[in-house]
There are 2 protein chains.
Amino acid sequence: MTDEYRMKADDLESFMTDVFEGIGVPGDEAVVCADILITADKLGIDSHGINRCKPIYYDRIKAGILNVQTEFEVVRDCKACAVVDGHNGMGHVIAKRCMEMTIEKAREHGLGMVVARNSTHYGIAGYYPLMAVDAGMIGITGTNARPSIAPTFGVENMLGTNPMTFGMPTDEDFPFLLDCATSVTQRGRIEYYDREGKDTPAGLVIDREGNSMTDSGEILEALVKGAAALVPIGGAGEETGGYKGYGYAVVVEMLSSALQSGNFMKALTGMVDGAKAPIELGHFFIAIDVEAFLGLDEFKKNTGDILRALRASTKVPGAERIYTAGEKEHLAFLERKEKGILLPHGVRNDMEAMRDELNLNKWSFPWEA
Amino acid sequence: MTDEYRMKADDLESFMTDVFEGIGVPGDEAVVCADILITADKLGIDSHGINRCKPIYYDRIKAGILNVQTEFEVVRDCKACAVVDGHNGMGHVIAKRCMEMTIEKAREHGLGMVVARNSTHYGIAGYYPLMAVDAGMIGITGTNARPSIAPTFGVENMLGTNPMTFGMPTDEDFPFLLDCATSVTQRGRIEYYDREGKDTPAGLVIDREGNSMTDSGEILEALVKGAAALVPIGGAGEETGGYKGYGYAVVVEMLSSALQSGNFMKALTGMVDGAKAPIELGHFFIAIDVEAFLGLDEFKKNTGDILRALRASTKVPGAERIYTAGEKEHLAFLERKEKGILLPHGVRNDMEAMRDELNLNKWSFPWEA
């Protein structure tokens, strides 16, 4: 029996829309949630797509810690800047509206910045810079998250994986998109090692004594219990620059929370007195209107020239090629457009469970044939 | 004979002012150059202070590739944004005026961003965010630089050490200041290993075959010849997240050059047809006016709370303490305020040479007593 079931992205998106609508998200907002999840699947960011639909959204809605009706409140609107309160609504909906506001502000002032409080998981960070790119702008975003990174010389999970994400228009078929956590790795990658029966490389995760952990199954359990922490980009200690990744994680924590007096670090565990509670994340969004500086086509040629020069530079002997940020996502996009989205066993189970619970009887899946 | 000669920061700053003025920099601009260099010395960033005065500024002025008269031309001024041409003048002077403009724009719009082209080495990046912090703002800056970092899977020196630098006001005695290169290490650190007779740790520098180099003297020679390259934060290859540091270095290259159509990467070697030529760097400056989002005191408490929680978290057994970004610089500042700035042998020689050439006869140094 093959495990190789795929669905066309459009169908999968349509199914997720039905799920979100079925559980109570208003129709146009269900479309937004599904669009952001499927964008992750299309771009090959498998950790943030359909696989998250049930555990991070559906289950949390059912647990009563995520509101299907999103109350988007602008609590401060001042020139190029604004503060939004998401009242624990759907993170995708909050974040997309925030980036729309940010782009409008950048159109008016050249720059825009919006921060959100009491938001929830907003999906792939890269979606929002891509909105700015579509508007001819540079987009930047970041979010805090449940604490998992230890500071340099520390062992305690203090900072979220806190992505600092940039998108820039180029004259190529795809934009520059750097969407990465400020930890060396993240839970999704360790789950991958575990599924493959592989150890996690040393230096990525530490235990409470500061020693590297490599048993992938053991790491996954320990992370949940706070008995392990992720290492910031640059590694543990100072010698290989770990204080830099740690520093960037703090920058993201501050930009996400300090401008809106929201929760941060240990207050984001999603547990209060042993019970599940809203996670109340903070995000920030920045847009830079390229046309305020120079012509958009000129900018695109400039960024494209940088990327082409990097790819054409001398490779490590034996290396196939040099990539630039966003290129692998584009290659995944081309492949999946053709072949559809691969659905592992666990994801298929999730899909069946949601369909059955919501009586979405129009859906029968290819593996059920 | 002791090598432990120190000078009070004020005296050293005054000497540098005389040097810059002596070689032709207008008086008030000589003050700016000296102020930015001595700030590095005061904060313990020894790679960017008095030690740079002769090789990076004085010698380049004498070589005719750095103009003592700074022509600061605003080539575009559009809402919260501006583009400046520095015409190969003094980088410190250009950059300080750029950040002043950025702060003014942020005061008006909530945000400001200025990019500079045809600038030159602007000293410690951290100086400019600190200007924003003094104005109650978040400050961000970056600059491109002579190519030295290899992209992931590459061996060629393509990207500058491209710092991405953030400063934030806090309610503590010192601000949050993250001023670091996007490479694991940089030339100044390898020079330090070399002076101490130590090997450079593996994984920081690679040769043209992609192998780690550890002989510090050999690395310094190879870097000059382009036969070695620095590794981005996260290390070589992908497994430990090197593509993230590489990606951030590209972001800085783009923000520094693509918005002003200036030189980038290999065009920044400072050599044209075998002769020394202006380096024509690009920089970017961003300021975020905290008061556009919330009260400054509230923001300062928020950032301070984050920093205090990080420092109070569980340490690696045996570790003395957990630092936050800007703390080591503050500790250096306190120590040097008391003891003065340590002047190694090579720096003392430089100081004597500049004094003698410029006939700054009022200066006699403590080691000449």
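Proteins get letters first, then strands, A, B, ... in listed order; numbering begins at 1 in each.
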Mind ranking [options] by heavy-atom pairs under 4.5 Å with chain B and telling me who comes out on top?
options	result
A:Ala229, A:Pro201, A:Ala106, A:Ser261	A:Ser261
A:Thr182, A:Leu259, A:Ile322, A:Asn302	A:Leu259
A:Ser183, A:Pro151, A:Ala292, A:Gly112	A:Ala292
A:Cys81, A:Gly237, A:Ala80	A:Cys81
A:Gly262, A:Ala258, A:Pro317	A:Ala258
A:Gly210, A:Ser313, A:Gly241, A:Ser257	A:Ser313

Max heavy-atom pair count under 4.5 Å with chain A, selected residue of [options]:
options	answer
B:Gly318, B:Gly110, B:Gly154	B:Gly154
B:Thr324, B:Leu255, B:Val184, B:Ile288	B:Val184
B:Leu307, B:Val250, B:Val75	B:Val250
B:Val83, B:Asp77, B:Val290	B:Val83
B:Ala319, B:Gly234, B:Ala325	B:Gly234

Any side-chain heavy-atom pair of [X] and [Y] under 4.5 Å:
X	Y	answer
A:Val251	B:Phe176	yes
A:Met113	A:Phe284	yes
B:Leu230	B:Ile190	yes
B:Val74	B:Val114	no
B:Arg107	B:Asp289	yes
B:Lys266	B:Glu156	yes
A:Leu310	B:Leu159	yes

Checking heavy atoms, do the side chain of [X], its backbone, both or neither come under 4.5 Å from chain A?
X	value
B:Ala82	backbone
B:Glu108	backbone
B:Phe299	both
B:Leu204	side chain
B:Ile206	neither
B:Ala309	both
B:Tyr246	side chain
B:Met265	side chain
B:Arg189	neither

Any chance you could measure [X], atom [atom1], to [Y], atom [atom2], to the nearest 0.5 Å?
X	Y	atom1	atom2	value
B:Thr303	B:Glu298	OG1	CD	11.0 Å
B:Asp179	B:Glu329	CG	CD	7.5 Å
A:Lys198	A:Thr214	NZ	OG1	14.5 Å

Exercise: identify the closest heavy-atom pair between A:His109 and A:Lys79: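 Nearest pair, atom of A:His109 first, then A:Lys79: NE2-C, 3.5 Å.
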Where the side chain of [X] meets the backbone of [Y], is there a donor-acceptor pair that is under 3.5 Å apart?
X	Y	value
A:Asn144	A:Gly282	yes
B:Thr102	B:Ile286	no
A:Ser148	A:Asn157	no

Side chain / backbone / both / neither for [X] at chain B, heavy atoms under 4.5 Å:
X	value
A:Leu178	side chain
A:Ile233	both
A:Thr152	backbone
A:Tyr248	both
A:Glu291	backbone
A:Gln186	neither
A:Met254	both

So if I apply the side-chain contact (heavy atoms from CB on, under 4.5 Å) rule between B:Val84 and each of B:Arg117, B:Gln260, B:Met101, which one comes out positive?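 That would be B:Met101; it is the only one of B:Arg117, B:Gln260, B:Met101 passing the side-chain contact (heavy atoms from CB on, under 4.5 Å) with B:Val84.
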Residues which pass salt bridge (Lys or Arg N to Asp or Glu O under 4.0 Å) with A:Glu172, listed by chain and number, not counting sequence neighbours: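 Partners of A:Glu172 under the salt bridge (Lys or Arg N to Asp or Glu O under 4.0 Å) test: A:Arg308, A:Arg311.
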Please say whether more than 12 non-hydrogen atoms of neighbouring residues, nucleotides or ligands are located less than 6.0 Å from [atom1] in [X].
X	atom1	answer
A:Lys301	NZ	no
A:Glu320	CD	no
B:Lys315	NZ	yes

Among residues 160-171 of chain A, which ones touch chain B with a heavy-atom distance under 4.5 Å?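 Those residues of residues 160-171 of chain A which have a heavy atom under 4.5 Å from chain B are A:Met164, A:Phe166, A:Met168.
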